[in-house]
There are 2 protein chains.
Amino acid sequence: MSRPTIEDVARIAGVSIATVSRCLHMPDVVAVKTRERVLSAVRQTGYNLNAAAQSLRQRRSNTVLVMVPDIGNTFFSKILGGIESEASAAGLTMLIGDTGRSRAREDAYVRYLLNGRADGALLLADPQAAWFDIPTRNAMGLPPIVAISEIGPDSGPVTVSIDNEGAAHAAVSHLIGLGHRRIAHVAGPDSNILTAQRVAGYRRALHSAGLQAEPWLEFPGDFGLTSGRAAFARFQGQDQRPSALFFANDEMAMGFLASAYAAGVRVPRDVSIVGFDDIHFAQSCIPALTTIRQPRAEMGAAAMRLLLEIIGGKAPASVQLPYELVIRDSTGPV
Amino acid sequence: MSRPTIEDVARIAGVSIATVSRCLHMPDVVAVKTRERVLSAVRQTGYNLNAAAQSLRQRRSNTVLVMVPDIGNTFFSKILGGIESEASAAGLTMLIGDTGRSRAREDAYVRYLLNGRADGALLLADPQAAWFDIPTRNAMGLPPIVAISEIGPDSGPVTVSIDNEGAAHAAVSHLIGLGHRRIAHVAGPDSNILTAQRVAGYRRALHSAGLQAEPWLEFPGDFGLTSGRAAFARFQGQDQRPSALFFANDEMAMGFLASAYAAGVRVPRDVSIVGFDDIHFAQSCIPALTTIRQPRAEMGAAAMRLLLEIIGGKAPASVQLPYELVIRDSTGPV
DNA sequence: ATCCAAAATGTAAAGCTTTACATTTGCCCA
DNA sequence: TGGGCAAATGTAAAGCTTTACATTTTGGAT
């Protein structure tokens, strides 16, 4: 015996399939007595809607897909929480696709969208392929998309972001305010759109203070723990060590802290550290990390709301949310 | 103009819809010339399969749902990686549902399964509701399920796990081997099935060494940073401080480390610390954390393979994978 | 040229639901 | 009792694909 269908329910309840369908979706238009009979038949048969048939008929799936570049990156989790709450409030199921920054996986999820399995998508990272610019997307018939944070502005989708350049500026200005003059920056990967913005903010802050931006004070990085450790090695090896470092994310700062501790370099006495993101563990770093907090839950929620608007036929503008400099124990006077 | 259908493609290519379908799924049975014509028509129209129709007809969705209790918990990410690689090798798309340990969300994903949107599910946590025992599941007509780690054994699904009791035993024995005699355990939440297993291993290790398991050495915890900090407060306040603590997970150990550092208590000189899980940040704790590594990617992969077997009609047995004690810098002699 | 088997293609049904429209039922009032 | 209107229910089509089976085409052998 295979899955019961709406027809089985109808037969048992002694009504037509239309009435069963109405019982399930618009219960108030069917007579109370009938409704009871139908619902009891539903229980009796253990009936469940066939989502494929429903979705085929309704031409929508009541699902939203969130494409995450790396689910292991703690930065994304709170964003997902924000998305989920808005999505479920709107009756949509949120599903997460982890692209692992791989082209193949990304393509798999794009196909998912193209096949109509989701009514829209939220992008948490710059895609590998260029399928997200508006003309291409329309040509492909892709459902609407909203990007969060890591995406280029040109002809791309509606976006939720913070002022990364301004935030970097604020972080570095904080260091300057503490008397630091030789301040290094550990950047993100070149491929990431945020990298350039944060570098720009770093440089501008230096300039505002009459300082020179020196190439040898700009360290490469890739957002990973290891590149934080590498940054420490480079820091150690320099003749004129910077008295402070601004990291493009918290994870790299944590890698640096671990290496510094192991080498007996004290933070913030010997060197001040500022991170970016305020991830979960930032408060429990040793020492607790000064960083830039992004309103992650709110970013997710805002993106989901934008997506719902687009699905509803509107054409909302991109949104920029406020960041916050969270001063903890990893920064101090020179 | 709405989405092109297979019929549009057929018309343009001058063939029947059956041929188009065959071109897409069994290209070798159609003549080369025809195939070319069809594929060009596909490109021309920008045709994409309608997943709903396909799934309706085929009675499967080529999707596997992974239910995660808390996507922000870094413990899960590598498991997901393992699942993904096996899933995509089998032509399935992996989707993640974050239940947030909330009953409502969990129900939403169960409904997702019941509606036939996924061909099977992987459970990364003990469900809130009791829908996963085999009789209930069969009665509901749920697709097959495999659980990873955090699930009770009774009448539940096929499971992939490690020997938690043995691992806890190994961790505590390591401390005993270093000369520790007063060893505390910071447990997980009571609701979690793993908690009891790890407590049991802790107690057994003490007994094996002729030590007494004392209630005042068993601290409560909830796997969060904060309960690690609370454990430190309790540790501080005790007359006879333990010389070592075994934590039921790394995150709590990290909370403890942060508080200890702030209070000037040195690890491992003043107190030795062992965690559990070997999460990403464990190697960059200060000091680097001695912990139990679970083969997370392999656990995910194994679970996915089991699920595929069940889908394929077999009835595989549960699997237990080896753990490993990773000794770093947070443990030392008394 | 004819015939046959194999290859290629076509036809049509099935899969399950939603929904516009048609029909029936129930109720109130005259 | 009958008429009329609203409420309740039913009928049937549409949504798009896969696939068993039927039919046509191809190509080779005689």
Side-chain angles (χ1 to χ4, degrees), chain A residues 1-39 41-42 45-63 91 111-112 114-117 119 141, chain B residues 1-39 41-42 45-63 91 111-117 119 141 143:
Chain A
M1 40 140 232
S2 71
R3 278 180 65 151
T5 74
I6 200 172
E7 204 156 352
D8 300 320
V9 176
R11 189 162 2 88
I12 291 183
V15 298
S16 74
I17 57 170
T19 301
V20 177
S21 179
R22 276 188 289 252
C23 263
L24 268 27
H25 301 293
M26 354 161 49
D28 26 316
V29 317
V30 19
V32 180
K33 249 180 63 182
T34 318
R35 188 162 61 208
E36 278 168 3
R37 239 172 342 137
V38 170
L39 293 182
V42 166
T45 54
Y47 170 72
N48 281 293
L49 209 57
N50 180 319
Q54 180 181 52
S55 171
L56 172 60
R57 174 67 221 224
Q58 291 189 152
R59 301 145 148 279
R60 72 192 138 84
S61 57
N62 298 313
T63 296
R111 219 171 309 125
Y112 207 82
L114 286 170
N115 291 349
R117 297 216 232 220
D119 300 331
Chain B
M1 40 140 234
S2 72
R3 281 180 64 153
T5 74
I6 199 174
E7 204 157 352
D8 299 321
V9 176
R11 189 165 0 90
I12 292 184
V15 298
S16 75
I17 58 172
T19 301
V20 176
S21 179
R22 276 187 288 253
C23 264
L24 267 28
H25 300 293
M26 352 160 51
D28 25 317
V29 317
V30 20
V32 180
K33 249 181 63 181
T34 319
R35 188 162 61 208
E36 278 169 3
R37 238 169 347 134
V38 170
L39 292 182
V42 166
T45 54
Y47 169 72
N48 280 293
L49 208 58
N50 180 320
Q54 181 180 51
S55 167
L56 174 60
R57 175 65 222 225
Q58 293 191 152
R59 299 142 150 278
R60 70 191 139 87
S61 57
N62 299 314
T63 296
R111 218 172 308 124
Y112 207 82
L113 284 175
L114 286 171
N115 291 348
R117 297 217 231 220
D119 299 332

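So you know, we letter chains A, B, ... as the sequences are listed, proteins then strands, and number each from 1. Worth knowing before you read on, the calculation uses all heavy atoms, side chains too, and leaves out hydrogens, waters and symmetry mates. Computed from a predicted model, the values in this text were never measured in an experiment.
- A:Asn48 places no side-chain N or O within donor-acceptor distance of the main-chain N or O of B:Asn115, the cut-off being under 3.5 Å.
- Counting heavy-atom neighbours within 6.0 Å of A:Glu7 CD, excluding the residue itself, gives a total of 12 or less.
- A heavy-atom distance below 4.0 Å to DNA chain C is reached by these residues of residues 27-35 of chain B, ordered by number: B:Val29, B:Val30, B:Ala31, B:Thr34.
- What separates CG of B:Asn115 from P of C:dC16 is a distance of 14 Å, to the nearest Å.
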**OP:** Test side-chain contact (heavy atoms from CB on, under 4.5 Å) on B:Tyr47 and B:Leu24 and set out the steps.
**Re:** CA-CA 11 Å; B:Tyr47 169 72; B:Leu24 267 28; 3.7 Å; yes
Original post:
Does the side-chain contact (heavy atoms from CB on, under 4.5 Å) test come out yes or no for A:Asn50 and B:Leu56, once each step is laid out?
Top reply: CA-CA 8 Å; A:Asn50 180 319; B:Leu56 174 60; 4.0 Å; yes
**OP:** Report the C-alpha separation of A:Arg37 and A:Val30 in whole Å, then their side-chain angles, then the decisive distance to 0.1 Å, and conclude whether the side-chain contact (heavy atoms from CB on, under 4.5 Å) test is met.
**Re:** CA-CA 11 Å; A:Arg37 239 172 342 137; A:Val30 19; over 6 Å; no
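- Of the possible donor and acceptor atoms, none in the side chain of A:Arg3 sits under 3.5 Å from a partner among the backbone N and O of A:Gly46.
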Enumerate all atom pairs, one protein N or O and one N or O from nucleotides 17-22 of chain C, separated by less than 3.5 Å.
unit_1: C:dT17; atom_1: OP1; unit_2: A:Tyr47; atom_2: OH; d: 2.3
unit_1: C:dT17; atom_1: OP1; unit_2: A:Asn50; atom_2: N; d: 3.4
unit_1: C:dT17; atom_1: OP2; unit_2: A:Ile6; atom_2: N; d: 2.5
unit_1: C:dT18; atom_1: OP1; unit_2: A:His25; atom_2: NE2; d: 2.5
unit_1: C:dT18; atom_1: OP1; unit_2: A:Gln54; atom_2: NE2; d: 3.1
unit_1: C:dT18; atom_1: OP2; unit_2: A:Ser21; atom_2: OG; d: 2.7
unit_1: C:dT18; atom_1: OP2; unit_2: A:His25; atom_2: NE2; d: 3.3
unit_1: C:dT18; atom_1: O2; unit_2: A:Arg57; atom_2: NE; d: 3.4
unit_1: C:dT18; atom_1: O2; unit_2: A:Arg57; atom_2: NH1; d: 2.3
unit_1: C:dT19; atom_1: O4'; unit_2: A:Arg57; atom_2: NH2; d: 3.4

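- For A:Thr45 (side chain) and A:Val42 (main-chain N/O), a donor-acceptor pair under 3.5 Å exists by modelled atom type.
- Straight-line distance from the CZ atom of B:Arg11 to the P atom of C:dG10: 14 Å, rounded to whole Å.
- Not a single donor-acceptor pair under 3.5 Å links the side chain of A:Arg117 to the backbone N or O of A:Tyr112.
- Both B:Arg37 and B:Arg59 lie close to DNA chain C; mapped to their nearest nucleotides by heavy-atom distance, the more 5′-ward contact belongs to B:Arg37.
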